[in-house]
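The shown structure was predicted, so the numbers you read here are calculated from the model rather than taken from an experiment. Each ligand, and each atom within it, is numbered from 1 in the order the structure gives.
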Amino acid sequence: MTPAFDAVIAGTEIHATLTPDRDLTAPVWCLSLMGPGRVIEGGALLTRLGGYLEVRLPDLRAGVPHRIRLAHDDPQHRPANRAWLPLGGYLRLADGSCHALPRLPSGVVQPRPGAAARPQAAAAPWGGLRLVPQPAGWEPAEGTLRADAFAPQGDDGADALAAADALARRSGLGALIDVEGVPLVTELDPALPRDGHVLTIGPEGVRLVAAGRDGFLHGAVTLLTLIATHEGRIPCGTITDRPRYGWRGQHLDCARHFYAVPTILRLLDLMALLKMNRFHWHFADDEAFRLEVDCAPDLWRRTLWRGEGETVPGVFGGGIRAGGGYSKDEARQIIAHAAALGIEVLPEVEVPAHALALNRTIPGLRDPDDSGTERSVQGYPDNAVNPAMPATMAFLGPLLAEVAGMFPLGILHLGCDELAPGTWDGSPAADALKSREGLVTRDDLQGWMMARLAGDLERQGIRSAAWEESVKGGQGGIGHDALIFSWTGQGAGIAAARMGHDVVMCPAQHVYLDMAHTADPGDWGAAWAAFVGLEDTVDWRVVPAGCDDIAPRIVGVQGCFWSEFTTADHEFEAMIAPRILGVAVKGWNAEERVNGADLRAISATYGAFFDRIGWDWHRGA
Ligand code: ACM
């Protein structure tokens, strides 16, 4: 069966048209929207979970179009672009068979850089050096060095140079190391600042002095980039470089969409090419817990697929069946690949909310007497675990220890965002715990839970991290030196820093790369925080004016990519790039030095760079 299917945004509504190629008796249309939706006309809502709907259609006649009008429950939830149209749709027939509907086109609206500005024009902003992030210091000299590859002289930094060479080769940039290449003298100088290096480029060769492995790696990445962006004629001069921030991160939501391991390795390669050093791996959320763990072997097995007949139905474009899991061997492969590139992996296990997959798999994490009717922001009931249930802490202790133990970073992210209003309010067990512990509000209870978990981890030598909400609560929230991620903006991060926490800034208005680039209805992406153009990724201050007192507490910057509307790996490429250039710039450079116009101009050079590494950054609508 090959029915025709189309859908368009019509004001606040979505109008879909289905034309079967044979007569169908009362089929059920299963689909997902960005949030809880309803049927206005053309069918009857049978059931729903979050943005997933099952709609009973009338009998359909072959070749006769049938129109269905849908809308989101929340009148503020106005469809912004094509990502908000029905995703993952299929028809279920009376005999139980399921038939996928054609996918609607995806893709961003984005001019090809290079169409707008030629690489020569892009040379101007940063002293002629086509390099993102730009170095802390650049002293140009006369002449150019003709180089396609380098021949290292000496053993210092050999391991880092080999890693950069492997990166260049597998990325499609060609060899960095070649015995026939121009001389590259390396020297270790521990007196240089941590992660720092000095590259002296002369017409006959290059000298790279670094403080350690990361410095050598950064210097080598600079060289392989300059070969590509200057077409083998590298400007002579001296680069003195070091990162401004220790945390230069990119997050990827692998729960809403399962990204294959090679896709993750490619993202790590891209991060390394931009000198980013933290990969925040979000493999657990309401929809799935994708990592293999020994302490709960059923957890990933029962949640890695979603769709027809699965623990979680086809929310967020899941369709008839979508998903996958990461075995421990694959996790080790990701960690090792990252480590060779100077990248540490931060794992995240989400509690207390965003835990529907836990609640549907592990018994006893909710109070059976809870009379609450709360709904999460994605429209899920029952998506929080209850800290008053003995099973909750008994289950989480070994789970968190096992996950943290798999990752050398020594930090575990505990989630703690978006607890739905009303959560635990109907739970007698939660009431009893609150009175026992002198807690009054929901935030107090959440803070108590987070502090308990963080304390247990601290005793095992593991530092906790969490989203900004984790510091709420009358008793100080999570405490325990937790690293806090400020995402709704920067205000919560500033407040957390003033409480004494280290903070990573990831304000959605600037570095949430799942936000659509533009307001164009033909574009693609979320819209709740902002439309995030390339310029927006750098036109902000990591340490806002008037916050110098907490500047030492701001340890870095991180881009985030949430996957609610991603149904194929390649779809994330044009969302990540070129905007990840801005994230890299904010993590590396002194912020005064780069504005959006500069970045737009330099991105012209990187269009060709992304093309060479096969990163589809301009997939047209
Ligand atoms: C978040 O974006 N809910 C951390």
Subject >> Mutual orientation of the aromatic rings belonging to W467 and W487 [parallel < 30°, tilted 30-60°, perpendicular > 60°] >> reply: perpendicular

Subject >> Numbered atoms of ligand 1 (with element) below 4.0 Å of Y512, judged on heavy atoms >> reply: 1 (C), 2 (O), 4 (C)

Original post:
If you take all heavy atoms of A454 and I478, which pair is closest and at what distance?
Top reply: CB-CG1, 3.7 Å

**OP:** Taking only Lys NZ, Arg NE, NH1 and NH2, and the carboxylate oxygens of Asp or Glu, determine whether E573 and R266 approach each other closer than 4.0 Å.
**Re:** yes

**OP:** Determine, using heavy atoms of W562 and all atoms of ligand 1, whether some pair is separated by less than 4.0 Å.
**Re:** yes

Original post:
Of all the non-hydrogen atoms in the protein, which one sits nearest to atom 3 (N) of ligand 1, and at what distance?
Top reply: D417 OD2, 2.6 Å

Subject >> R498 atom CZ, neighbour heavy-atom count above 12 within 6.0 Å >> reply: yes

